[in-house]
Asker: 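Pasting in a structure now, in structure tokens, and then I'll have a few things to ask.
One-based numbering, in listed order, for ligands and for the atoms of each.
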Amino acid sequence: MSHMADANLMEKIVSLCKRRGFIFPGSEIYGGLAGTFDYGPYGVVLKENVERLWLGMFRDGRDDMYGVDAAILMNPKVWEASGHVAGFSDPLVECEKCKRRFRADHLQFKYKKDKNGKILEDQEVWVCENCGTENKKREPRQFNMMFKTHAGAMEDDSATVYLRPETAGGIFTNFKNVVDSLHPKLPFGIAQIGKAFRNEIAPRDFIFRLRELEQMEVEYFIHPLEWEQAFEEWRKMMHLFAEAIGLPQNMVHELEVEAKDRAHYSKRTIDFEFEYPFGRKELWGLAYRTDFDLSAHETNSKVELRYLDEATGEKFTPHVIEPSLGVDRTVLAILASAYREDDMGADVRTYLALAPKIAPMKAMVSPLLKNKPELVAKAREVRAELQKIHPAIAWDDNGNIGKRYRRQDEIGTPFCVTIDFDTLGEKPELKGTVTLRHRDTGEQERLTVAQVAGRIRAAIS
Ligand code: GAP
């Protein structure tokens, strides 16, 4: 079934994630906590595989990139300098009747009509999605999205700290440390993966809009004259990453963000949008942050954050290109584009067509019968052999073989390997061979263990 045609796709993905141990609602036994989710045994591996691939492409595979892992709690002056204390807010309105709060920019406004159906052009209204009340359009209140807490035993304003709303803050504040300790030549970048927190007015769409989220961010420091070239290079890199994690190219779109919609620090932004089941929405962002952050931190901290080009003697504040990728939105895009249903056998079969590189399990090994010690021993041996290629080789001897295949299909395991009596030599010509089943087609081949190893290696390299 074409996935865009399936109105229940999100429900099915959420249900599969719970059933198969990918993603659970946060604090579920206490009724949950809006805007939080927990990654389960397969979800955490999928997420780590995405992050590992990102680290390889955006940090470790390059000579001009450095890593940091900065503290989530930072001196609140960081967020004053960055403009988040004053301006990181969403427009908030409240339903007059049920008091449910909404983001004003997510509402549909319409003109009120009088008794005769005449449109009253001076009276705009919106309908509360919770209780159906028609509310008058009013000037929204600005609601700051940073989570506030207190450091230490005092709970007064002097002890206020914020949970970081973006990981970028910890990169800018370490610019000087990286320059002083490693002496990188410009252009160079600093990469970080970590949690960020936003008190979203209306968290929604599963792991799309969260209050606790994870980001993979790069701040790439450049000479101001080089910004267009660097912007273009990172734009291409983001498309390469989308391809590497298996997102279909035709589901990823670029949106040139208009000046009025850009963040306060940006002179150019491209949103990478993805065709989620609930519509085309922002997946990642690429921004030209100019020298906004380093200049603001220099002014506020009184610590010089300029760069001396030793070759030319020029001293200047570097400008910044920032590719910013949300991990959770990436995982959701992967799940949504990989979800498949077909009618293999009697019932509908569900599977995740994950790219083998990011699939949580690379293969599953199974003895045909779990009560035959000789089959189990051989299967254990085969699994150990395949684990020399990659440790994530699952073991499954529960239920009949068809059930085991279906389970692995839903986890997105690309290969299943079955050890049967022919492997042990019941048919002498098949001795030492195993059955290799392919997830997407259900096709089976008879191969030697060395051949199976070759297939797995080729798929994940
Ligand atoms: N440092 C730049 C920055 O934070 P942003 O566009 O606000 O820019 C970057 O966020 C990325 O973080 C987004 O493109 C998205 O992938 C992710 N993101 C932002 N808010 C999110 C939320 N509430 N839930 C999940 N992911 C979010």
Side-chain angles (χ1 to χ4, degrees), residues 23 26 33-37 39 47 50-51 54 58 68 70 72 74 78-79 81-84 87-90 103 105-106 143-147 162-173 189-220 234-235 238 241-242 245 247 252-257 261-274 276 278 280-290 292-294 296 320-336:
I23 299 166
L33 178 69
T36 67
F37 284 89
Y39 285 84
K47 184 163 82 84
V50 168
E51 292 175 351
W54 182 87
F58 284 69
V68 292
I72 288 173
M74 303 186 77
V78 171
W79 307 114
S82 67
H84 285 80
F88 190 57
S89 48
D90 272 343
R103 261 177 72 167
D105 57 335
H106 284 175
F143 173 76
N144 194 295
M145 290 205 287
M146 281 198 294
F147 278 98
Y162 302 97
L163 302 190
R164 66 182 179 201
E166 55 171 7
T167 64
I171 297 183
F172 292 121
T173 49
I190 303 180
Q192 175 168 228
I193 298 181
K195 292 272 188 162
F197 302 83
R198 299 182 179 188
N199 198 0
E200 295 281 353
I201 294 169
R204 61 178 61 196
D205 296 321
F206 194 31
I207 53 169
F208 179 80
R209 191 174 301 286
L210 294 167
R211 290 190 172 137
E212 176 174 338
L213 56 127
E214 194 151 359
Q215 293 182 317
M216 306 183 281
E217 297 203 298
V218 165
E219 307 303 326
Y220 195 68
W234 285 106
R235 192 181 69 77
M238 290 167 85
F241 183 64
I245 56 176
L247 297 184
V252 179
H253 307 274
E254 287 185 17
L255 173 80
E256 187 73 46
V257 179
D261 297 327
R262 287 198 292 259
H264 57 281
Y265 50 69
S266 175
K267 268 218 173 129
R268 185 181 177 198
T269 298
I270 288 179
D271 278 352
F272 284 70
E273 295 189 323
F274 184 76
Y276 288 101
F278 41 86
R280 191 191 280 198
K281 295 274 162 68
E282 179 187 338
L283 168 66
W284 306 322
L286 175 64
Y288 170 37
R289 285 181 87 128
T290 67
F292 174 87
D293 301 271
L294 288 184
V320 167
I321 302 296
E322 179 196 63
S324 176
L325 291 79
V327 177
D328 314 277
R329 286 190 188 182
T330 307
V331 169
L332 183 56
I334 289 169
L335 291 170

Asker: Just distances here: any N/O of Glu219 and N/O of ligand 1 closer than 3.5 Å?
Answerer: no
Asker: Do Phe241 and Trp284 make the cut of ring centroids closer than 6.0 angstrom?
Answerer: yes
Asker: Identify the closest protein heavy atom to atom 26 (N) of ligand 1: which residue and atom is it, and at what distance?
Answerer: Arg329 NE, 3.3 Å
Asker: Note the single closest protein heavy atom to atom 17 (C) of ligand 1, along with its residue, its atom name and the distance in Å.
Answerer: Gly326 CA, 3.7 Å
Asker: How long is the gap from CG on Leu283 to CD on Glu273, to the nearest 0.5 Å?
Answerer: 9.5 Å
Asker: Could you label the plane-to-plane angle of the Tyr276 and Phe278 rings as parallel, tilted or perpendicular, counting under 30° as parallel and over 60° as perpendicular?
Answerer: parallel
Asker: In Å and rounded to the nearest 0.5 Å, what is the CD to CG distance from Glu322 to Leu286?
Answerer: 8.5 Å
Asker: Under a heavy-atom criterion of less than 4.0 Å, does Arg289 contact ligand 1?
Answerer: yes
Asker: Just to confirm my output: which protein heavy-atom neighbour is closest to atom 19 (C) of ligand 1, and how far is it?
Answerer: Arg198 NH1, 3.3 Å
Asker: Show which atoms of ligand 1 fall inside a sub-4.0 Å distance from at least one heavy-atom site of Trp284.
Answerer: 14 (O)
Asker: Out of curiosity, Tyr220 OH to Phe58 CZ, how far, rounded to the nearest 0.5 Å?
Answerer: 12.5 Å
Asker: Carefully, step by step, assess Phe292 and His264 under the rule side-chain contact (heavy atoms from CB on, under 4.5 Å).
Answerer: CA-CA 9 Å; Phe292 174 87; His264 57 281; 3.6 Å; yes
Asker: Which of the numbered atoms in ligand 1 are below 4.0 angstrom from a heavy atom of Glu166?
Answerer: 1 (N), 2 (C), 3 (C), 4 (O)
Asker: Among protein heavy atoms, which sits nearest to atom 16 (O) of ligand 1, and what does the distance come to when rounded to 0.1 Å?
Answerer: Leu283 O, 2.6 Å
Asker: Please confirm whether Lys47 makes a cation-pi placement over Tyr39, using NZ or CZ under 6.0 Å from the six-membered ring centre and within 45° of the ring normal.
Answerer: yes
Asker: Measure the distance from atom 18 (N) of ligand 1 to every protein heavy atom, then report the residue, atom name and distance (to 0.1 Å) of the closest one.
Answerer: Leu213 CD1, 3.8 Å
Asker: Please report whether ligand 1 has a polar contact with Ala168, defined as an N or O pair separated by less than 3.5 Å (distance criterion only).
Answerer: no
Asker: N/O to N/O below 3.5 Å, does that happen between Leu210 and ligand 1?
Answerer: yes
Asker: For Lys195, does the NZ atom have more than 12 heavy-atom neighbours from other residues, nucleotides or ligands under 6.0 Å away?
Answerer: yes
Asker: At the 4.0 Å heavy-atom cut-off, does Asp328 count as touching ligand 1?
Answerer: no
Asker: Considering only non-hydrogen protein atoms, determine which one is nearest to atom 12 (O) of ligand 1 and report residue, atom name and distance to 0.1 Å.
Answerer: Gln215 NE2, 3.3 Å
Asker: For ligand 1 and Pro165, I'd like to know whether there is a polar contact (N/O to N/O, distance under 3.5 Å).
Answerer: no
Asker: Roughly how far, to the nearest 0.5 Å, is the CZ atom of Phe37 from the CG atom of Leu332?
Answerer: 10.0 Å
Asker: What residues, two or more places apart in sequence or in another chain, satisfy salt bridge (charged side-chain N to carboxylate O under 4.0 Å, His left out) together with Glu219?
Answerer: none
Asker: Distance to 0.1 Å, residue and atom name: give those for the protein heavy atom nearest to atom 11 (C) of ligand 1.
Answerer: Ser324 OG, 3.8 Å
Asker: Could you establish whether Phe208 and ligand 1 come within less than 4.0 Å of each other, counting only heavy atoms on the residue side?
Answerer: yes
Asker: Hey, which atoms in ligand 1 end up nearer than 4.0 Å to a heavy atom of Glu217?
Answerer: 1 (N), 2 (C), 3 (C), 4 (O)
Asker: Mark up the atoms of ligand 1 that fall under 4.0 Å of a heavy atom belonging to Gly285, in ascending order.
Answerer: 14 (O)
Asker: Given Glu217 and Arg289, is the salt bridge (Lys or Arg N to Asp or Glu O under 4.0 Å) satisfied, shown in steps?
Answerer: CA-CA 13 Å; Glu217 297 203 298; Arg289 285 181 87 128; 5.5 Å; no
Asker: To the nearest 0.5 Å, what is the distance between NE2 (His84) and OH (Tyr265)?
Answerer: 6.0 Å
Asker: Does even one non-hydrogen atom of Tyr265 get within less than 4.0 Å of ligand 1?
Answerer: yes
Asker: Which ligand 1 atoms does Glu322 reach within 4.0 Å, using its non-hydrogen atoms?
Answerer: 1 (N), 2 (C)
Asker: Mind checking what makes salt bridge (charged side-chain N to carboxylate O under 4.0 Å, His left out) contact with Glu200, not counting sequence neighbours?
Answerer: Arg103, Arg209
Asker: For ligand 1, note which part of Glu282 has a heavy atom under 4.0 Å away: side chain, backbone, both or neither.
Answerer: side chain
